[in-house]
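All figures in this text were calculated on a predicted structure; none of them were measured in a lab. Lettering of chains follows the sequences in order, A, B, ..., and the numbering in each one begins at 1.
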Number of protein chains: 2
Amino acid sequence: MRTTVKDVAKAVGLSTTTVSLVLNNKPNRIPKATREIVLKAAKDLNYRPNHIAVSMVTKKTHTIGLILPDISNLYFSELAKVIEEQFHKYGYNVLYGNTNGTLEHDFEYLNLFIDRSVDAVIMTVSSNYSEKEIKSLHEIAEMNNVPIMMVDRTLDDPRFMSVLLDQKLGGYLATNYLIHLGHRKIACITGPKSLRISIERLEGYKSALQDAGLPFDPALIVEGDFRVDSGVQALPYILGQNATAVFSLNDMMAIGVYRECRRYHLSIPQDLSIVGFDDIFIDEFLEPPLSTIAQPVVEIGEYAVKKMMTVLEGEEDPSCADTMVFKPALKVRGSASKFMEKKQM
Amino acid sequence: MRTTVKDVAKAVGLSTTTVSLVLNNKPNRIPKATREIVLKAAKDLNYRPNHIAVSMVTKKTHTIGLILPDISNLYFSELAKVIEEQFHKYGYNVLYGNTNGTLEHDFEYLNLFIDRSVDAVIMTVSSNYSEKEIKSLHEIAEMNNVPIMMVDRTLDDPRFMSVLLDQKLGGYLATNYLIHLGHRKIACITGPKSLRISIERLEGYKSALQDAGLPFDPALIVEGDFRVDSGVQALPYILGQNATAVFSLNDMMAIGVYRECRRYHLSIPQDLSIVGFDDIFIDEFLEPPLSTIAQPVVEIGEYAVKKMMTVLEGEEDPSCADTMVFKPALKVRGSASKFMEKKQM
DNA sequence: GAATTTTAGTAAAATGTTTTATCAATGAAT
DNA sequence: ATTCATTGATAAAACATTTTACTAAAATTC
């Protein structure tokens, strides 16, 4: 059996109170001599506090619930890693759940984690919640007094702490870059229309067109699902529209376009320019390396943890729910080039 | 405040014992009428048991500690996902820790998780432990009575449950394939020599050469570190040895070779054949698609969980520590071709 | 109708800690 | 020499459950 505080107390002939006081380093309560006796006994007996029992009385578990759509997705696994490592520094551990992008799982894990008394929850919601669901989320947070932070995606509600990316700016940067390369017919492969990130990135696309005085042509927009396959499927349609460039709302779909271009014997960027979104590690190893919009994942994760820690340490009220927005950056590699008139002949 | 079992008891005018008995569905103790009254009250009051308090008395947390070198690595994130999802089905949650491949972190997380009373630990060790460390691991497992399972990598000790891949077979399959394509000078980029998987995959390589009656030439072996960069750095040396094919002990390094080949204007597979190991998702989108040794990650994860569950449900003694070995398979894509004599001219 | 068994329920202990309130002893101040 | 403050330490409560051992009442048996 594991050594308990009682065992230590018995070993030194003192009360558990005294032992606990020493072990928790309570300020000037116990004289140095006693303290050292206790410390030595604890060490000799290899005492390690039972976290469960501590949680029982302190009401803190030093555990964070991390709810993500899919940990095997490169972006989320990177984010999860950063978040875990940062929390670890503060003595917190993370419990994680994969929702597979379904709303029921969002709530299921949230409740599960709250039953386990996590101190806080960080989540990337699977979709844009309805009024009812937002309300429900709030009630859960309030009733259990657990701070919830949205990362990467947020809800239409200002009451949640959020740390996000300026998705619209990302869409703008990508599109603007293609426009300045001379492209006029720029197709866009979106993610699911129900997702805010799809909408926001597309808004950036529209905004860039507008600023350049170019018309927005709905025929150039194809709805995808953020997976490789939808890039594959989108290409024939895009070619049919005589687009000379494509803005893919994520890199996975861009990879799909690459693949399909090879089947059509089209070369990138000579025959088709393409810009992705996310900057996953593989981009630079594609042929040609994929130009994309990079997200500062590490900064996002680090900020999220730091912010959450200020809340957990009571320095900040979670109800003063501000939103932090990080800026994406265009990463030029080799998948887009100047528009050449000859290509149209 | 959250509803407690006391609140429910008070609401229905019964004791907490009765409420607990009903809620835990203890067989034929409480008559149906009473049971329904309690159930209704629990529902009305939105009662959810406090997991911490339950753990306090049952000594079970329904939590698993998952210790991995790097969750942002495609192989591990996929594995982690499978493991989490499977455990979730059984009502278990997983706490995970990134060790970044350092031994100290292996132990740090192990102790941390044990302090949190996890019911079991599944880990991929960061290196091949020394006698002392193996002993230490055993003591921790025994003293705390927590089953530890090794996945993907194991130790030189038969006392741990392990679920592994037949690494040697993988090495054999890859090399044998290249030999049968007519290659005679086959270079091999290994992982860190201290890792068993490096050694075992290399053994498969040697074994295939031997079976084919080919000599083993140490000059054709380059030590890498499983990262893209070591593939990049290995190529010039490999070319210097006049190798016509390369077996890269993982796909990431193969990607490095791809990149460097482009710089040298060498085309794959005409100028250099290459076979990787792991079968990460990107392989099929490379140009040419990368032939590789595929690991059945999903099966591995599912088996690991199932096996651990039999131990947790007391059907099996963790000390009867058997090892399960999965078989890898060669996945032929387009990165290796028949050896043409002309290339040597 | 007495003895026995079954039914329906409960009081209290136990889990491993922290924390609150308290106490005895010592030393200092009046 | 009494009072007061300080020091060193502790007993007991609290946390939210489950579980053990028990009892009173009802039902059954003879």
Side-chain angles (χ1 to χ4, degrees), chain A residues 1-39 41-42 45-63 91 114-119 143-145, chain B residues 1-39 41-42 45-63 91 114-119 143-145:
Chain A
M1 283 307 297
R2 244 163 79 175
T3 309
T4 72
V5 90
K6 253 186 197 160
D7 299 328
V8 178
K10 195 171 290 173
V12 297
L14 289 168
S15 71
T16 60
T17 309
T18 307
V19 174
S20 172
L21 256 24
V22 170
L23 264 21
N24 289 303
N25 232 334
K26 295 286 170 176
N28 51 3
R29 285 290 317 267
I30 309 293
K32 210 165 180 194
T34 313
R35 147 180 303 271
E36 271 160 12
I37 291 172
V38 171
L39 254 21
L45 294 171
N46 190 26
Y47 171 74
R48 316 201 93 224
N50 178 324
H51 218 279
I52 299 283
V54 174
S55 296
M56 185 88 233
V57 17
T58 62
K59 305 278 166 208
K60 295 277 167 259
T61 55
H62 287 248
T63 305
I114 284 178
D115 288 350
R116 283 162 182 274
S117 307
V118 294
D119 292 344
M143 159 145 335
N144 299 283
N145 194 31
Chain B
M1 282 309 295
R2 241 163 81 176
T3 309
T4 72
V5 89
K6 252 187 197 159
D7 299 328
V8 178
K10 195 172 289 173
V12 297
L14 290 166
S15 71
T16 60
T17 308
T18 307
V19 174
S20 173
L21 256 23
V22 170
L23 263 21
N24 290 301
N25 232 334
K26 294 287 170 177
N28 51 3
R29 284 293 319 265
I30 309 293
K32 210 165 178 194
T34 313
R35 147 181 302 273
E36 270 162 13
I37 291 172
V38 171
L39 254 21
L45 293 172
N46 191 27
Y47 171 74
R48 317 202 92 223
N50 178 325
H51 217 279
I52 299 284
V54 174
S55 296
M56 184 89 233
V57 19
T58 63
K59 306 277 166 208
K60 295 276 165 260
T61 56
H62 286 248
T63 305
I114 285 178
D115 289 350
R116 284 162 182 274
S117 307
V118 293
D119 293 343
M143 160 146 332
N144 299 283
N145 194 30

Within less than 4.0 Å of OP1 or OP2 of [N], is there a side-chain N or O belonging to [X]?
X: A:Lys26; N: C:dT18; result: no
X: A:Ser20; N: C:dT18; result: yes
X: B:Thr18; N: C:dT10; result: yes
X: B:Lys59; N: C:dA14; result: no
X: A:Asn50; N: C:dT15; result: no
X: A:Thr34; N: D:dA9; result: yes

Take atom [atom1] of [X] and atom [atom2] of [N], then tell me their distance rounded to the nearest Å.
X: A:His62; N: C:dT18; atom1: NE2; atom2: C1'; value: 13 Å
X: A:Ile30; N: D:dT10; atom1: CD1; atom2: C1'; value: 10 Å
X: A:His51; N: D:dC15; atom1: NE2; atom2: C1'; value: 16 Å
X: A:Asn24; N: C:dG16; atom1: CG; atom2: P; value: 17 Å
X: B:Lys10; N: D:dT17; atom1: NZ; atom2: P; value: 13 Å
X: B:Arg35; N: C:dT7; atom1: CZ; atom2: C1'; value: 15 Å
X: A:Asp7; N: C:dT17; atom1: CG; atom2: C1'; value: 13 Å
X: B:Leu21; N: D:dT20; atom1: CG; atom2: P; value: 11 Å

Given [options], which nucleotide is nearest the side-chain atoms of [X]?
X: B:Val57; options: C:dT19, D:dT17, C:dT10; value: D:dT17
X: B:Thr16; options: C:dT15, C:dA12, C:dG9; value: C:dA12
X: A:Val54; options: C:dT18, D:dC15, D:dT18; value: C:dT18
X: A:Met56; options: D:dA16, C:dT10, D:dT10; value: D:dA16

Is there side-chain contact between [X] and [Y], with at least one heavy-atom pair below 4.5 Å?
X: B:Asn24; Y: B:Ser20; value: yes
X: A:Met143; Y: B:Asn46; value: yes
X: A:Arg116; Y: B:Thr63; value: yes

C:dT19 base / A:Thr17 side chain donor-acceptor hit below 3.5 Å: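 Such a pair exists between side chain and base.
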Check: B:Ser117 main-chain N/O paired with B:Thr61 side-chain donor or acceptor under 3.5 Å: yes
Pair B:Ser15-B:Thr18, side-chain donor/acceptor within less than 3.5 Å: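 Judged by distance alone, the side chains do pair up.
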Sugar-phosphate only, base, or nothing, as touched by B:Leu14 at under 4.0 Å among non-hydrogen atoms: sugar-phosphate
